[in-house]
Amino acid sequence: MNIKRIAAAISCSLMTVVAHAAVLPATQTDSQWFKDSAANVVAKAQVDTKKTAKNVILFVGDGMSISTLTAARILQGQDKADNQGGEENFLSFEQFPHTALVKTYNTNQQTPDSAGTMTAMATGVKTKAGIISISDTSLRGNCLSSKGNELVSLVDLANAKGLSTGIVTTARLTHATPAATYAKSPERDWEGDFNLPAEAVANGCTDIASQLVMRDEANSLTVALGGGRSYFLPTTVKDGENKAGKRKDGKDLTKAWVDNFSKSAYVWDKKGFDAIDAANTDHLLGLFNPSHMEYEADRADDVGGEPSLTEMTAKSLDILKKNDKGYLLIVESGRIDHGHHAGNASRALTDAVELSNAVKAAMDATSSDDTLIMVTADHSHVFTIAGYPKRGNPILGLVHNVDGTLATANDNKPYTTLAYTNGPGAVVGVRDDLTSVDTQDKDFMQQALIPMESETHAGEDISLHARGPGSNLVQGVIEQNVIFHIINQAQQLGGTKY
């Protein structure tokens with residue numbers, strides 16, 4: 001993008017406006033809001049999008065609804081020293097030149113789950129909830145019905161083309177969203193061999209952890225970083241945090257990773273992660289927690305120490321970029337979803353802000369000339385932003401009116417800007433009085449309307465943001481499986497002809 005050309009265009013645009021001051025008064029054209037928005041439009045007009053991408057990075061904020069983006073951007077803005085209220089802030093990817101809305105339903109559910117939604121993005125085919133990269137002609141939880149219905153994923157195609165591939169997540173690596181990129185399973189819960197029912201074993205289905213590791217080197221992952229260590233270790237082995245594995249087949253898949261692949265390494269803590277030399281490592285497996293990794297808000301308290309999503313993204317890129325043919329990296333911020341399920345907006349939003357930081361690191365490490373970066377979610381949550389809080393009101397706080405007074409509901413009790421339609425924060429009967437409660441504490445659970453053990457997903461559209469080659473195809477309202485085709489076409493993976 002030519003900066004001088006943009007500056008000249010902005011100047012010309014504003015001069016034209018001033019020349020028509022009879023229509024637009026100086027109080028309008030001199031407004032910083034007016035000038036900034038004019039500059040935004042001019043900058044977008046200068047974007048020159050190429051068609052072919054050498055590299056693709058797909059970021060998925062699990063459960064990152066549009067209301068989550070809004071609240072996270074305000075939270076990040078309010079944490080900045082120069083904040084004007086927070087509302088004017090942008091998350092790193094919200095200024096990408098191309099945006100679309102994405103429909104998320106599964107073939108059998110109006111409100112989806114992550115297995116079906118990520119399968120759509122990874123294979124170009126919508127399927128049922130709970131099914132991992134298997135077509136919806138199969139029955140969930142039935143191994144025999146899945147045979148012959150396995151789908152080819154973006155990872156399979158990229159590997160076949162000779163690209164390097166990587167998966168990064170803060171959830172278990174075997175969890176639904178990351179699993180859909182490399183595994184085929186009619187049941188998302190078959191994460192370890194101990195989860196497999198007799199029917200699955202009899203008909204030759206294997207667990208998801210095994211599918212990650214036991215691959216031919218030509219179709220192997222270059223990088224796999226996340227949680228879920230216990231699913232890779234046998235019950236007879238204790239990890240670095242003195243936690244026993246869960247595998248009943250006696251296999252140590254962390255050892256198999258090192259044995260199966262050349263110049264490979266396995267790490268389980270921050271110290272080992274930091275010591276990895278990307279130049280001399282061609283295959284890296286990192287398992288930083290027996291189950292999911294910590295929320296970003298709690299990461300510093302982890303016993304073994306965990307890298308951040310930003311650090312895992314940066315390290316992955318250092319390894320992947322060694323391949324002159326290019327790479328495909330899929331990064332999931334998995335615990336946004338878990339924070340929402342717990343009715344805990346603080347942790348969900350802090351993880352969303354960290355995703356923005358990881359995207360910024362990827363932007364800084366790549367060029368928009370050859371790298372397509374896409375940021376999206378798999379589904380939304382019943383998470384709301386309500387009331388009429390004054391500008392700059394703490395996004396996690398109680399609602400205050402424009403005049404500074406505390407807003408109250410019909411029961412004469414205050415309420416928070418953020419809430420959930422359902423979830424564990426619901427109180428049957430008399431609503432709690434939040435007057436003396438620190439609603440900005442990271443453990444605070446937002447109030448909800450309908451009592452449920454776990455807050456649920458929602459069915460509305462989520463957003464897709466893109467920059468780089470092929471990003472011009474991100475426009476309008478699209479089906480979720482279109483994301484596969486945008487990547488396939490931009491990186492010319494050969495999944496179909498265009």
Side-chain angles (χ1 to χ4, degrees), residues 59-79 86 89 91 114 168-172 175-178 226-228 270 288-313 331-359 375 377-385 394-398 416-426 434 437-448 452-458 462:
F59 286 91
V60 180
D62 198 316
M64 192 171 66
S65 60
I66 292 177
S67 55
T68 301
L69 290 180
T70 303
R73 108 169 46 112
I74 294 173
L75 179 65
Q76 185 190 56
Q78 291 179 342
D79 285 343
N89 184 55
L91 298 174
S114 296
V168 171
T169 180
T170 52
R172 293 191 296 269
H175 213 230
T177 303
K270 181 71 159 58
F288 303 107
N289 201 291
S291 184
H292 303 300
M293 292 179 66
E294 301 289 349
Y295 290 104
E296 178 61 21
D298 305 318
R299 185 169 58 83
D301 300 326
D302 183 71
V303 175
E306 295 181 356
S308 67
L309 186 67
T310 299
E311 291 169 330
M312 290 192 292
T313 300
V331 180
E332 183 208 17
S333 180
R335 307 222 63 192
I336 299 171
D337 177 71
H338 300 160
H340 281 323
H341 280 309
N344 180 212
S346 178
R347 284 183 171 86
L349 298 182
T350 302
D351 271 43
V353 170
E354 175 57 18
L355 174 65
S356 175
N357 296 337
V359 175
V375 185
D378 48 358
H379 55 73
S380 64
H381 276 270
V382 292
F383 175 61
T384 63
I385 304 174
I395 191 63
L396 294 169
L398 297 171
T416 55
T417 304
L418 305 179
Y420 294 91
T421 302
N422 60 43
L434 300 176
V437 176
D438 181 7
T439 63
Q440 298 183 65
D441 186 277
K442 70 177 183 179
D443 292 325
F444 178 74
M445 185 183 297
Q446 274 68 26
Q447 293 180 332
M452 298 187 74
E453 184 176 342
S454 176
E455 177 266 3
T456 72
H457 298 173
I462 48 85

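What you are looking at is a predicted structure, and each value in this text was computed from that prediction instead of being measured.
- Counted by atom type alone, Gln76 and Asn89 present one or more donor-acceptor pairs between their side chains at under 3.5 Å.
- Looking at Ser67 and Thr70, their side chains never bring a donor and an acceptor atom within 3.5 Å of each other.
- Between His457 and His341, the distance separating the two ring centers is shorter than 6.0 angstrom.
- In this structure, the side chain of Asp378 engages the main chain of Gly63 through a donor-acceptor pair within 3.5 Å.
- Side chain of Thr416 to backbone of Leu398: no donor-acceptor contact under 3.5 angstrom is found.
- Taking OG1 of Thr68 as the reference point, atom CG of Leu355 lies at 11.5 Å (rounded to 0.5 Å).
- In this structure, Tyr295 and Thr170 have side chains that are not in contact, with every pair of non-hydrogen atoms separated by 4.5 Å or more.
- In terms of modelled atom types and a separation under 3.5 Å, the side chain of Gln440 and the main chain of Pro394 share no donor-acceptor contact.
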One pair to check against side chain to side chain contact (heavy atoms under 4.5 Å, CB included): Val331 and Thr169. What are the steps and the verdict? CA-CA 6 Å; Val331 180; Thr169 180; over 6 Å; no

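- The two residues Ser114 and Thr177 make their nearest non-hydrogen contact at CB-OG1, 3.4 Å.
- Residues His340 and His379 place their aromatic rings such that the two centres sit no closer than 6.0 Å.
- With Leu396 as the fixed residue, the side chain to side chain contact (heavy atoms under 4.5 Å, CB included) test singles out one of Ile74, Thr417, Leu418: Leu418.
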When you look at Asp62 and Glu332, which way does the side chain to side chain contact (heavy atoms under 4.5 Å, CB included) test go after all the steps? CA-CA 7 Å; Asp62 198 316; Glu332 183 208 17; 2.8 Å; yes

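- A donor-acceptor pair under 3.5 Å is formed between the side chain of Ser380 and the backbone N or O of Ala458.
- Between the OG atom in Ser356 and the CG atom in Leu309 there is a gap of 11.0 Å [rounded to 0.5 Å].
- Between Met445 and Asn344 the shortest side-chain heavy-atom distance does not fall below 4.5 Å.
- Rounding to the nearest 0.5 Å gives a distance of 10.0 Å between OG of Ser65 and CD1 of Ile462.
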What's the verdict on side chain to side chain contact (heavy atoms under 4.5 Å, CB included) for Phe288 and Asp302, showing C-alpha distance, side-chain angles and the deciding distance? CA-CA 9 Å; Phe288 303 107; Asp302 183 71; over 6 Å; no

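- Closest heavy-atom contact between Ser291 and Arg172: OG-NH1, 2.9 Å.
- Side-chain contact of Asn357 with Thr310: a donor-acceptor pair under 3.5 Å is absent, judged by distance alone.
- Atoms CG and CE, on Asp351 and Met64 in that order, are 11.5 Å from each other to the nearest 0.5 Å.
- Ring geometry, His292 versus His175: the interplanar angle exceeds 60°, so the pair is classed perpendicular (tilted spans 30 to 60°).
- Using modelled atom types, one finds a donor on one side chain and an acceptor on the other under 3.5 Å when comparing Asn289 with Glu306.
- Under the 4.5 Å side-chain criterion, counting only non-hydrogen atoms from C-beta, Phe444 is in contact with Leu434.
- Under the rule for a side chain to side chain donor-acceptor pair (under 3.5 Å), Thr421 has no partner lying at least two apart in sequence or in another chain.
- No donor-acceptor pair closer than 3.5 Å links the side chain of Tyr420 to the backbone N or O of Glu455.
- Between Pro424 and Met452, the closest side-chain pair of non-hydrogen atoms is not below 4.5 Å.
- For the pair Asp298 and Lys442, the salt-bridge criterion is met [side-chain N within less than 4.0 Å of a carboxylate O].
- Put simply, OG on Ser346 and CG on Leu75 are 7.0 Å apart, with the number rounded to the nearest 0.5 Å.
- Between the side chain of Glu296 and the backbone N or O of Arg347, no donor-acceptor pair lies under 3.5 Å.
- Ion pairing between a basic and an acidic side chain is recognised when a charged N comes within 4.0 Å of a carboxylate O; Glu294 and Arg335 show no such pairing.
- Between His338 and Ala171, the shortest heavy-atom distance links the atoms CE1-CB, 4.4 Å.
- Although no hydrogens or angles enter the test, the distance criterion places a donor-acceptor pair under 3.5 Å between the side chain of Thr384 and the main chain of Ala419.
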Applying side chain to side chain contact (heavy atoms under 4.5 Å, CB included) to Phe383 and Leu349, what does each step give before you reach the verdict? CA-CA 11 Å; Phe383 175 61; Leu349 298 182; 4.3 Å; yes

